[in-house]
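Given the structure is predicted, the values throughout are model-derived calculations rather than measurements. All ligand and atom numbering here is 1-based and tracks the order in the structure.
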Amino acid sequence: MKQRQNLKLEDYKWDAEWCMGCRGCTWVDHIYATGIQFPNKCPSLYREKFDAYSPFGKNKISLKIMDGGLTFTPRLLDILYKCNMCGACDVGCKRNLDFDPGMVLETFRIRAVDAKAGPMPAHKAVNENIKKKNNRYGLPHGKRKAWLPKSAKVSKKPDMLYFVGCNTSYKNKEIAKATVGILDKAKVKYNLFPQEVCCGHPMYDVGCVDDALKQAKKNIAALKKSGADTIITSCAECYKTWKVDYPKMMDKRTDEMGYKVLHITQLAVEKIKDGTLKPKHKVPMRVTYHDPCNLNRRSDDWIPWHGTRGKYGCTEPIKEYRRGVSGVTTEPRLLLGLPTGIPGFPPDIPGIPGIEAKEMRRMDVNTMCCGAGGGVADAFPEFTRDTANHRMDEADDIGIETIVSACPYCIDTFNKTAKEGERPVRAVDITQILYKSLTGKGGSL
Ligand code: SF4
Ligand code: SF4
């Protein structure tokens, strides 16, 4: 069994042992609940019903793996991988306690892979595609940038690099085009990321940390060679991978990595504030906003901790906890004209004109996953479908048929599920709405 210096299940044994089964990880915190509808936030427990599938159930099972009382049976792998790695349990637990259930789940999967039991066959197929073709779909690497319009004002000496991601490069190319359109209008010196290969998120999230680390090293080497120091993403998974998982795998703090990661909505708000970007064309739409888990509660800066625990779990040095509160939730809301709870609201920037936006009951750190995360869409598509339908029921509950999000995987999941179920719901990426408002172009949304 591999024993890395970091990312060992045993590093989180204390957290799993002291989990008290209070269920704070599975329900929307009561002070944020807006009624008795939609109070749950763990897709795994909501669908599978048995405690084994809950965050606390997985904590207890991990203890039996650590002491040798259990092995990785097919049923145990079903429990471990029917989990969206959505982070709801992690921030729910940390509302009241200093535990790391999210890291128990991550290192539990790493242990399964080290034991040659995980990941699931569908994940192995995705990993092979990445290894052979540098993208999760196994499509030709040479076509990764084929969507780039000739008119894009890319710079030969860029300050920032747009890391497009596999999904956006090959499937949701309109998001990529809208993003470069926004970058052009923002008058920044940018180019596409050179020699971009998959960020490694599909590998990291299923426990294949050594494979993911190889992707990280390739991308970081390309960034260093370019001379740029800022990564722009339009994909929540790429954002989290660069910001959180690369430093985590390298056992560094995010602020020690020597680069900065911005989601395109963060740059857009900055440029609206300084007057460079002017969303002036009306986009008359009634929408709600779905927070992607990886842009939201899973994207706090990584803070390594190596120390000792004393009485009552006291730590030396003091451990800093990542409570899921510094992800990107404010900027998309500012663009859509939604309340943000930050000082100065009504917003100090003009949102996109014509948009009428309404929050779903579960939002921000209490959001419900779209159902695709954690490799679930690849290995258990019927589970993804059920969770996406449940989230769309929530949009129905507030009378909204258009879901805006900021991640191509969430967009795909809602649109595919809506089509299969012949539901009138559709999902649109926030970049497309912003681009349309800035330029009047972008077709009908
Ligand atoms: S993971 Fe945290 S919130 Fe959930 S049952 Fe355990 S102690 Fe309670
Ligand atoms: S990561 Fe999400 S799906 Fe997995 S146990 Fe936690 S709340 Fe449930």
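- What sits closest to atom 6 (Fe) of ligand 1 on the protein, heavy atoms only, is Cys19 SG, 2.4 Å.
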Worked verdict on Glu394 versus Arg391 for salt bridge (Lys or Arg N to Asp or Glu O under 4.0 Å): CA-CA 5 Å; Glu394 198 176 348; Arg391 184 66 164 155; 2.8 Å; yes

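- Using a non-hydrogen distance threshold of 4.0 Å, Gly21 registers as a contact of ligand 1.
- Annotation: ring-ring contact (aromatic ring centres under 6.0 Å, His included) contacts of His290 (sequence neighbours excluded): Phe414.
- Those atoms of ligand 1 with a heavy atom of Phe56 less than 4.0 angstrom away are 5 (S).
- For ligand 1, the atoms lying closer than 4.0 Å to a non-hydrogen atom of Arg23 are 5 (S), 8 (Fe).
- Among all non-hydrogen protein atoms, the one lying nearest atom 2 (Fe) of ligand 1 is Cys93 SG, 2.4 Å.
- Because its NZ or CZ atom is not both nearer than 6.0 Å to the ring centre of Trp302 and within 45° of the ring axis, Arg298 does not count as a cation-pi partner of that residue.
- With sequence neighbours excluded, no residue forms a ring-ring contact (aromatic ring centres under 6.0 Å, His included) with Tyr32.
- Protein heavy atom closest to atom 1 (S) of ligand 1, with residue, atom name and distance, is Asn59 ND2, 3.6 Å.
- Interface of Gly24 with ligand 1, defined as ligand atoms under 4.0 Å from a residue heavy atom, comprises 3 (S).
- Protein heavy atom at the shortest distance from atom 5 (S) of ligand 1 is Cys22 N, 3.2 Å.
- A cation-pi arrangement is absent between Lys94 and Phe99 under the rule of less than 6.0 angstrom and at most 45 degrees off the ring axis.
- Both tests hold for Lys49 against Tyr46: distance to the six-membered ring centre under 6.0 Å, angle to the ring axis within 45°.
- Donor-acceptor pairing under 3.5 Å is lacking for the side chains of Arg136 and Asn167.
- Legend: ring-ring contact (aromatic ring centres under 6.0 Å, His included) pairs involving residues 228-252, not counting sequence neighbours, sorted by first then second residue: Phe163-Trp242, Phe193-Trp242, Trp242-Tyr246, Trp242-Tyr259.
- Around atom 6 (Fe) of ligand 2, protein N, O or S atoms at less than 2.8 Å comprise Cys89 SG.
- When non-hydrogen atoms are compared, ligand 1 lies under 4.0 Å from the side chain of Leu97 (C-beta onward) but not from its backbone.
- Salt bridge status for Asp114 with Arg111: absent, with no side-chain N to carboxylate O gap under 4.0 Å.
- Distances below 4.0 Å separate heavy atoms of Phe99 from the following atoms of ligand 1: 7 (S).
- In summary, Lys416 and Glu420 engage in a salt bridge, as defined by a charged side-chain N under 4.0 Å from a carboxylate O.
- Panel note: side chain Thr384, backbone Gly371; a donor-acceptor pair is recorded below 3.5 Å.
- For Trp18, no heavy-atom contact with ligand 1 is shorter than 4.0 Å.
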